[in-house]
*Asks:* 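If you scroll down you'll find the structure; I have some questions about it.
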Amino acid sequence: MHYMYRGLVSVVALASASVLFASAASAAPGWTVETVPQTGNNTLLLGASARTSNDAWAVGEQFAGAGQAPPPPVSYHWNGTAWSLVGTPTLGVSSALMAVSASTATDAWAVGFSILGRRDHGTLMEHWNGSAWSVNSSGVVTGSAAQLNGVVDLSPANAWAVGIGSGGALLEHWNGSAWSSVTIPDPDFSVGADESISASSATDIWVAGTTVNTTTGATSAEALHFNGTAWAVVPMQQPGTNTPTIGAVTAISATNAWAVGEDIGATSAPGGSTLIEHWNGTSWSIVPSPTPGADPGLTGVAARGSGDVYAVGNNLPSINGGVVQGLILRWNGSTWSQDTDPTDGTYSPLFAAAAVPGAANEWAVGTLSNAALILSHS
């Protein structure tokens with residue numbers, strides 16, 4: 001279930017959200033629903049990142065009622081004690097922040113898109129200086145599909161962002177002064193739609209996605225790797241179908257990374273199966289993972305260590321349909337298994353995950369009956 005997030009918004013009164021939060025938070029141990037201030041609008045949290053136990057971000061989009069001016073993108077910050085809403089610039093057009101990353105408490109980037117016209121998008125880059133978010137207009141790309149899906153901030157003078165433009169995949173680099181486009185080594189590569197870039201260091205950066213064989217039309221999982229000097233294509237193991245998707249990646253070290261998505265053409269589970277691949281320093285290989293329910297989609301992955309990795313996304317209760325619900329899988333160092341989703345089967349897709357080694361909490365973000373949803377796991 002690799003939903004476009006805009007299709008996930010349904011008309012549900014936000015007044016019911018507080019009741020859902022109260023019941024969900026006590027539904028199960030492990031993952032819990034965080035109490036967060038709401039925007040008053042339908043809200044989706046689409047990206048998240050954690051720098052320390054006391055510095056984490058979640059970003060996304062909010063939708064106003066009919067006839068109202070488009071609200072700005074939404075951002076939340078964790079200070080070690082509570083989540084708070086942090087204002088972003090009013091843009092005057094519909095816009096969303098899809099991903100966020102911080103190198104310090106005073107240096108963070110959030111990226112996404114703005115709708116500039118009926119058929120025109122523009123990439124959106126916003127910078128946090130420790131006090132406020134501001135729009136950075138360098139390197140903006142426009143076109144019918146232009147948007148940035150992922151970002152990794154390594155230092156105030158080194159950040160990378162990935163996405164899509166009218167001409168294909170986008171790779172952008174920040175050098176401390178401006179954003180500029182970088183040539184991708186595979187012109188047929190498509191960046192994953194979710195948390196598609198991750199780095200363990202400035203010399204170990206991964207971008208996950210797919211490529212298309214222009215002769216046969218077959219789609220294959222593929223990754224790009226940056227070694228500090230150049231980008232190179234790194235093949236991934238194929239699941240045996242023509243329709244794999246890789247949406248998210250997390251780099252733990254030079255010899256340990258994970259990428260997740262969906263094997264849409266799989267016959268082993270109704271509507272396809274989860275797809276998880278691991279990098280061991282030499283090659284990518286598929287690691288068996290459970291597919292609970294039906295039509296799954298893994299959209300985020302994060303780790304606190306080699307034996308504490310989790311992936312998030314959404315699925316349906318059965319092939320016959322039902323309410324879209326959150327999906328959480330966990331790696332314990334040996335096997336992947338299903339984690340308990342505390343939202344108790346309510347409408348609660350998850351879009352992103354965030355954790356850092358040694359941190360007190362792991363995070364997952366999404367929407368709960370169209371209200372901002374942040375889950376925590378200690």
*Asks:* If we ignore hydrogens and angles and just use 3.5 Å, is the side chain of S49 paired with the main-chain N or O of V100 as donor and acceptor?
*Replies:*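 The answer is yes, because a donor-acceptor pair under 3.5 Å joins these two groups.
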*Asks:* Can you check side-chain hydrogen bond (donor to acceptor under 3.5 Å, both in side chains) on T219 and T243, steps first, answer last?
*Replies:* CA-CA 6 Å; T219 299; T243 49; over 6 Å; no
*Asks:* Ignoring hydrogens and geometry beyond distance, is a side-chain donor-acceptor pair present between T211 and D186 at under 3.5 Å?
*Replies:*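 Distance-only check passes for T211 and D186.
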*Asks:* Just verifying a value: how many Å separate L350 CG and L368 CG, rounded to the nearest 0.5 Å?
*Replies:*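 Between atom CG of L350 and atom CG of L368 there are 9.5 Å.
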*Asks:* Got a second to check how far F226's CZ is from D204's CG, nearest 0.5 Å?
*Replies:*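 Separation between the atoms: 11.0 Å.
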*Asks:* Once you measure the plane-to-plane angle for W179 and W174, does it fall in the parallel (<30°), tilted (30-60°) or perpendicular (>60°) bin?
*Replies:*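 The arrangement is tilted - the two ring planes meet at 30° to 60°.
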*Asks:* Considering all heavy atoms of both residues, which atom of T299 and which atom of A352 are nearest to each other, and what is their separation?
*Replies:*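 That would be OG1-N, 4.4 Å.
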*Asks:* Drop me the distance from T88's OG1 to W133's CH2, to the nearest 0.5 angstrom.
*Replies:*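 The CH2 atom of W133 is 9.0 Å from OG1 of T88, to the nearest 0.5 Å.
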*Asks:* So which of V260, I246, T245, I264 actually passes side chain to side chain contact (heavy atoms under 4.5 Å, CB included) with L275?
*Replies:*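 Checked V260, I246, T245, I264 against L275; only one passes side chain to side chain contact (heavy atoms under 4.5 Å, CB included): I246.
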*Asks:* Is it the case that the side chain of Q62 and the backbone of P72 share a donor-acceptor pair, with hydrogens and angles ignored and the cut-off at 3.5 Å?
*Replies:*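 Side chain of Q62 to backbone of P72, a donor-acceptor pair under 3.5 Å: yes, one is there.
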*Asks:* Under 4.5 Å between any side-chain heavy atoms of N315 and Q325, yes or no?
*Replies:*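 Answer yes - side chains close enough.
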*Asks:* Checking T367 side chain against T43 main chain: does a donor-acceptor pair fall under 3.5 Å?
*Replies:*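 A pair under 3.5 Å: yes.
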*Asks:* Does some side-chain heavy atom of P296 sit less than 4.5 Å from a side-chain heavy atom of E262?
*Replies:*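 A side-chain contact under 4.5 Å exists here.
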*Asks:* Compute whether any side-chain donor of one residue and acceptor of the other, for N54 and T52, lie under 3.5 angstrom apart.
*Replies:*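 There is no such pair (donor and acceptor under 3.5 Å, judged by atom type) between the side chains of N54 and T52.
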*Asks:* For residues T32 and P342, determine if any side-chain heavy atom of one lies less than 4.5 Å from a side-chain heavy atom of the other.
*Replies:*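 Contact flag for T32/P342 side chains = no.
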*Asks:* Which Ile, Leu, Val, Met, Phe, Trp or Tyr residues join I319 in one cluster when any pair of side-chain heavy atoms under 4.5 Å counts as a link?
*Replies:*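 Its cluster partners, ordered by chain and number, are none at all.
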*Asks:* Minimum heavy-atom separation for A251 to S198, with atom names?
*Replies:*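 Nearest pair, atom of A251 first, then S198: N-OG, 2.9 Å.
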*Asks:* Sub-3.5 Å donor-acceptor pair from the side chain of S253 to the main-chain atoms of T255, do we have one?
*Replies:*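 Yes.
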*Asks:* If only side-chain N and O atoms count, and only distance matters, is there a donor-acceptor pair under 3.5 Å linking E222 with T210?
*Replies:*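 No, because no side-chain N or O of T210 sits under 3.5 Å from a partner of the opposite role on E222.
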*Asks:* So which atom in S103 and which in D153 form the shortest heavy-atom distance, rounded to 0.1 Å?
*Replies:*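 Nearest pair, atom of S103 first, then D153: N-OD2, 3.3 Å.
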*Asks:* Would Q147 and I164 satisfy side-chain contact (heavy atoms from CB on, under 4.5 Å), going step by step from the backbone distance to the final call?
*Replies:* CA-CA 6 Å; Q147 69 177 50; I164 186 172; 3.8 Å; yes
*Asks:* Taking the six-membered ring for Trp, is the centroid-to-centroid distance between Y310 and W31 below 6.0 Å?
*Replies:*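 Yes, ring centres under 6.0 Å apart.
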*Asks:* Relative to the ring of W206, is the ring of W284 parallel (under 30°), tilted (30 to 60°) or perpendicular (over 60°)?
*Replies:*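 The arrangement is perpendicular - the two ring planes meet at more than 60°.
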*Asks:* Would you kindly confirm whether V151 and V135 end up in one hydrophobic cluster when ILVMFWY residues are joined by side chain heavy atoms under 4.5 Å apart?
*Replies:*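 Hydrophobic grouping puts V151 apart from V135.
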*Asks:* Can you name the nearest heavy-atom pair linking A193 to N149, along with the distance?
*Replies:*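 Heavy atoms of A193 and N149 come nearest at CA-ND2, 3.7 Å.
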*Asks:* Hydrophobic cluster membership, with links at side-chain heavy-atom distances under 4.5 Å among I/L/V/M/F/W/Y: are W78 and W57 in one?
*Replies:*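 Cluster IDs for W78 and W57 differ.
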*Asks:* Going through the distances and angles, do V86 and W128 end up as a side-chain contact (heavy atoms from CB on, under 4.5 Å)?
*Replies:* CA-CA 10 Å; V86 179; W128 172 258; 3.6 Å; yes
*Asks:* Kindly indicate whether the side chain of L85, heavy atoms from C-beta on, has any atom under 4.5 Å from the side chain of Q38.
*Replies:*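 Sidechains of Q38 and L85: no contact.
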*Asks:* Between atom CG of L45 and atom CE of M98, what is the distance when rounded to the nearest 0.5 Å?
*Replies:*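 Output value for this atom pair is 12.0 Å.
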*Asks:* Test side-chain contact (heavy atoms from CB on, under 4.5 Å) on V365 and Y76; report intermediate values, then the result.
*Replies:* CA-CA 11 Å; V365 305; Y76 285 86; over 6 Å; no
*Asks:* Is there side-chain contact between W160 and V207, with at least one heavy-atom pair below 4.5 Å?
*Replies:*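 The answer is no; the side chains never approach within 4.5 Å.
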*Asks:* Would you say that S348 contacts L373 through its side chain, given a criterion of any heavy-atom pair below 4.5 Å between the two side chains?
*Replies:*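 Result yes, sub-4.5 Å side-chain heavy-atom pair found.
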*Asks:* Within the structure provided, determine whether L124 and L91 are in side-chain contact (heavy-atom separation under 4.5 Å).
*Replies:*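 Yes, their side chains come closer than 4.5 Å.
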*Asks:* Where is the tightest heavy-atom contact between G150 and A99, given as atom of each residue plus distance?
*Replies:*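 So the two residues come closest at CA-CB, 3.6 Å.
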*Asks:* Identify whether L375 and V312 are in the same connected component of the hydrophobic contact network (ILVMFWY, side-chain heavy atoms under 4.5 Å).
*Replies:*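 Hydrophobic grouping puts L375 with V312.
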*Asks:* Kindly work out whether a path of hydrophobic side-chain contacts (I/L/V/M/F/W/Y, heavy atoms less than 4.5 Å apart) joins I115 to L148.
*Replies:*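 No; L148 is not reachable from I115 via cluster members.
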*Asks:* Indicate, with yes or no, if I205 and V233 share a hydrophobic cluster defined by side-chain heavy-atom contacts under 4.5 Å among Ile, Leu, Val, Met, Phe, Trp and Tyr.
*Replies:*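 Same hydrophobic cluster.
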*Asks:* Does the T343 side chain pair with the main chain of T346, one donor and one acceptor, at a distance under 3.5 Å?
*Replies:*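 No.
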*Asks:* Check A355 against R304 and note the closest heavy-atom contact, atom names and distance.
*Replies:*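 The answer is CB-CG, 3.9 Å.
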*Asks:* Please walk me through it: do I276 and L329 pass side-chain contact (heavy atoms from CB on, under 4.5 Å)?
*Replies:* CA-CA 10 Å; I276 298 181; L329 304 181; 4.2 Å; yes
*Asks:* Does any N or O in the side chain of S53 come within less than 3.5 Å of the main-chain N or O of A360, such that one atom is a donor and the other an acceptor?
*Replies:*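 Checking the backbone N and O of A360 against the side chain of S53, a donor-acceptor pair under 3.5 Å is found.
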*Asks:* Rounded to the nearest 0.5 Å, what's the gap from CD on E61 to OG on S94? Could you check?
*Replies:*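 Between atom CD of E61 and atom OG of S94 there are 7.0 Å.
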*Asks:* Would you find a donor on one side and an acceptor on the other, under 3.5 Å apart, between the side chain of N227 and the backbone of T203?
*Replies:*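 Pair absent, no side-chain N/O of N227 close to backbone of T203.
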*Asks:* Judged by atom type as modelled, is there a donor-acceptor pair below 3.5 Å linking the side chain of S155 to the main-chain atoms of A157?
*Replies:*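 Such a contact is found between S155 side chain and A157 backbone.
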*Asks:* Any chance you could measure T123, atom OG1, to E172, atom CD, to the nearest 0.5 Å?
*Replies:*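 These two atoms lie 6.0 Å from each other.
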*Asks:* With side chains defined as the heavy atoms from C-beta onward, is the minimum distance between S337 and N332 less than 4.5 Å?
*Replies:*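 In short, these two side chains do not touch, never coming nearer than 4.5 Å.
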*Asks:* For a side chain to side chain donor-acceptor pair (under 3.5 Å) with S289, tell me which candidate from D263, T274, T335 qualifies.
*Replies:*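 Per the side chain to side chain donor-acceptor pair (under 3.5 Å) rule, the option paired with S289 is T274, out of D263, T274, T335.
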